Asker: 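Got a structure for you, written out below as structure tokens; questions coming shortly.
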2 protein chains.
Amino acid sequence: MSVGRETRLSAWIERFAAHFAEEGIPLIGGRILGYLLVCQPVERTAAELSQELEASSGSISTNLKYLVNVGLVSKRTRRGRQAAEYRINEKAWTDFIQRKFDAIASVQTLTDDGMRLLSGDPERSMRLRTVDNLYGWLSEELPALWERRPAAPK
Amino acid sequence: MSVGRETRLSAWIERFAAHFAEEGIPLIGGRILGYLLVCQPVERTAAELSQELEASSGSISTNLKYLVNVGLVSKRTRRGRQAAEYRINEKAWTDFIQRKFDAIASVQTLTDDGMRLLSGDPERSMRLRTVDNLYGWLSEELPALWERRPAAPK
DNA sequence: CGATAGTTTCAGTGTCGACCGAAAGGGATC
DNA sequence: GATCCCTTTCGGTCGACACTGAAACTATCG
């Protein structure tokens, strides 16, 4: 007897959350992301998320605030409805990735400063130079690559 | 009155360590990396690192083990010398970056599995598709970019 | 205005990991 | 083999942070 689609989806959500937990995103935040990516309908209230993800209202609130803040989730309020609706903002994933790239490229300013401190001492700066060259190349290429990213469909 | 080069270097090491602390590398590990990148001579024993970075022998040992393990530092033992010598393995920085790229690209298998679970439900898979497309593109382009990386000098 | 339904805040709890320092372990020299 | 020196292991402490649940807050509707 095969397991249902919803069961497999919740297992998938858990894997999804586990991956981002390794990147420092709280488990519940990752679950929210995964859930909002596949739920039907697309919008959920905090209370619904709390129930379906079996997480306390406090955790949901904290993590929604964080996710809205980084743009991955958007909050919509409607007159006549006191409950706000949350949904995935899939467009924001590009910014999410870009921040990762920026973090990598930013090391170059660090190695660059180091090189400057060692200027006039080529012997000693050899090790740093290798690293600086790599990051220098990355901080050229990553933005260039990023320019070529495909436009999000419609 | 200007501060000495060594003073500025230790400030630089601290900045360096702080950056990688944000990426999840323990502070002391980051200090070791920064220090080994600029110290003269290039090799240090654990005891020396402990003294110069003002960290306990235990912390130094733990972090060296970790850094050697990921390849960023190499350990050399010599007959007639009981103290092992540690030095930066600047070549390994490329692997270090590559692991980051791999981590990004690996999300694609995740989103791909999700898409499969939602197959036959185009309406519902729209959100995931956007994300999947982005990661699909990345997992094509990042390895391609990586191929073009400059060779380390000599 | 009162009642209701939802969200946010906050204090408290538990877990995890970095760090320390002392004790144990292992080579090297005599 | 005994001694010395250095490294690793290990128990313990501390601080950070995710999470909870109850209380405070806010908004809507009767």
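In this text, all values refer to a predicted model and were calculated from it rather than measured experimentally. Reminder, nothing fancy here: chain letters follow the sequence lines and each chain counts from 1.
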Asker: Could you state the atom-to-atom distance from CD of A:Gln51 to C1' of C:dG6 in whole Å?
Answerer: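 It is 13 Å, rounded to the nearest whole Å.
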
Asker: Checking all strands, does A:Ile60 fall into the base, sugar-phosphate, or nothing category for heavy-atom contacts under 4.0 angstrom?
Answerer: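 Since no nucleic acid heavy atom lies under 4.0 Å of A:Ile60, the category is nothing.
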
Asker: Got A:Leu53 and A:Ile32 here, is their nearest side-chain heavy-atom distance under 4.5 Å?
Answerer: yes

Asker: Looking only at the side chain of B:Thr45 (C-beta and beyond, no hydrogens), which of the listed nucleotides D:dC19, C:dT7, D:dT7 gets closest?
Answerer: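 Comparing D:dC19, C:dT7, D:dT7 against the side chain of B:Thr45, the answer is D:dT7.
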
Asker: Can you hop from B:Ile104 to A:Phe16 via hydrophobic side chains spaced under 4.5 Å?
Answerer: yes

Asker: Are B:Ser61 and D:dT8 close enough that a side-chain N or O sits under 4.0 Å from OP1 or OP2?
Answerer: yes

Asker: Which nucleotide sits closest to the side chain of A:Leu27: D:dC6, D:dT20, D:dC19?
Answerer: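 The listed nucleotide nearest to A:Leu27's side chain is D:dC19.
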
Asker: Report the distance from atom CZ of B:Arg44 to atom C1' of D:dC6, rounded to the nearest whole Å.
Answerer: 17 Å

Asker: Which of the following nucleotides, C:dT8, D:dT20, C:dA22, is nearest to the side chain of A:Tyr86?
Answerer: C:dT8

Asker: Name the nucleic acid region contacted by A:Tyr66, choosing base, sugar-phosphate or nothing; use a 4.0 angstrom heavy-atom cut-off, strictly under.
Answerer: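 Nothing, no nucleic acid heavy atom in range.
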
Asker: Rounded to the nearest Å, what distance is computed from the CD1 atom of residue B:Ile28 to the P atom of nucleotide C:dA18?
Answerer: 10 Å

Asker: Any side-chain N or O of B:Lys75 less than 4.0 Å from the OP1 or OP2 oxygen of D:dT8?
Answerer: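 Result: yes.
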
Asker: Can you measure A:Leu67 atom CG to D:dA18 atom P for me and round it to whole angstrom units?
Answerer: 12 Å

Asker: Just call it for B:Leu64: base, sugar-phosphate, or nothing, with non-hydrogen atoms closer than 4.0 Å on any strand.
Answerer: nothing

Asker: Could you tell me which non-hydrogen atom of B:Ala55 sits nearest to which non-hydrogen atom of B:Ile60, and how far apart they are?
Answerer: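 That would be CB-CD1, 3.9 Å.
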
Asker: Write down the distance between CD (A:Glu43) and P (C:dG6), rounded to a whole number of angstrom.
Answerer: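 Atom CD in A:Glu43 sits about 16 Å away from atom P in C:dG6.
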
Asker: If you compare every side-chain N and O of B:Ser59 against the phosphate oxygens of C:dC19 (OP1, OP2), does one of them come in below 4.0 Å?
Answerer: no

Asker: What nucleotide among D:dT20, C:dT7, D:dT8 has an atom nearest to a side-chain atom of B:Ser57?
Answerer: D:dT8

Asker: Taking CG from B:Leu53 and P from C:dC19, how many angstroms apart are they, rounded to a whole number?
Answerer: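 Rounded to the whole Å, the gap is 11 Å.
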
Asker: Take atom CD of A:Glu85 and atom P of C:dA5, then tell me their distance rounded to the nearest Å.
Answerer: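 Going from A:Glu85 (CD) to C:dA5 (P), I get 17 Å.
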
Asker: Between the side chains of A:Arg76 and A:Tyr86, is a donor N or O closer than 3.5 angstrom to an acceptor N or O?
Answerer: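 Result is no, nothing qualifies.
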
Asker: Students often get this wrong, so: under 4.0 angstrom with heavy atoms, is B:Thr62 touching a base, only sugar-phosphate, or nothing?
Answerer: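 Contact class for B:Thr62: none.
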
Asker: Could you state the atom-to-atom distance from CD of B:Glu22 to C1' of D:dA16 in whole Å?
Answerer: 15 Å

Asker: Give a yes or no on whether the backbone of B:Thr45 and the side-chain of B:Glu48 come within a donor-acceptor separation of less than 3.5 Å.
Answerer: yes

Asker: Would you please confirm or rule out a distance under 4.0 Å between OP1 or OP2 of C:dT9 and any side-chain N or O of A:Lys65?
Answerer: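 Checking A:Lys65 against C:dT9: at least one side-chain N or O falls below 4.0 Å of OP1 or OP2.
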
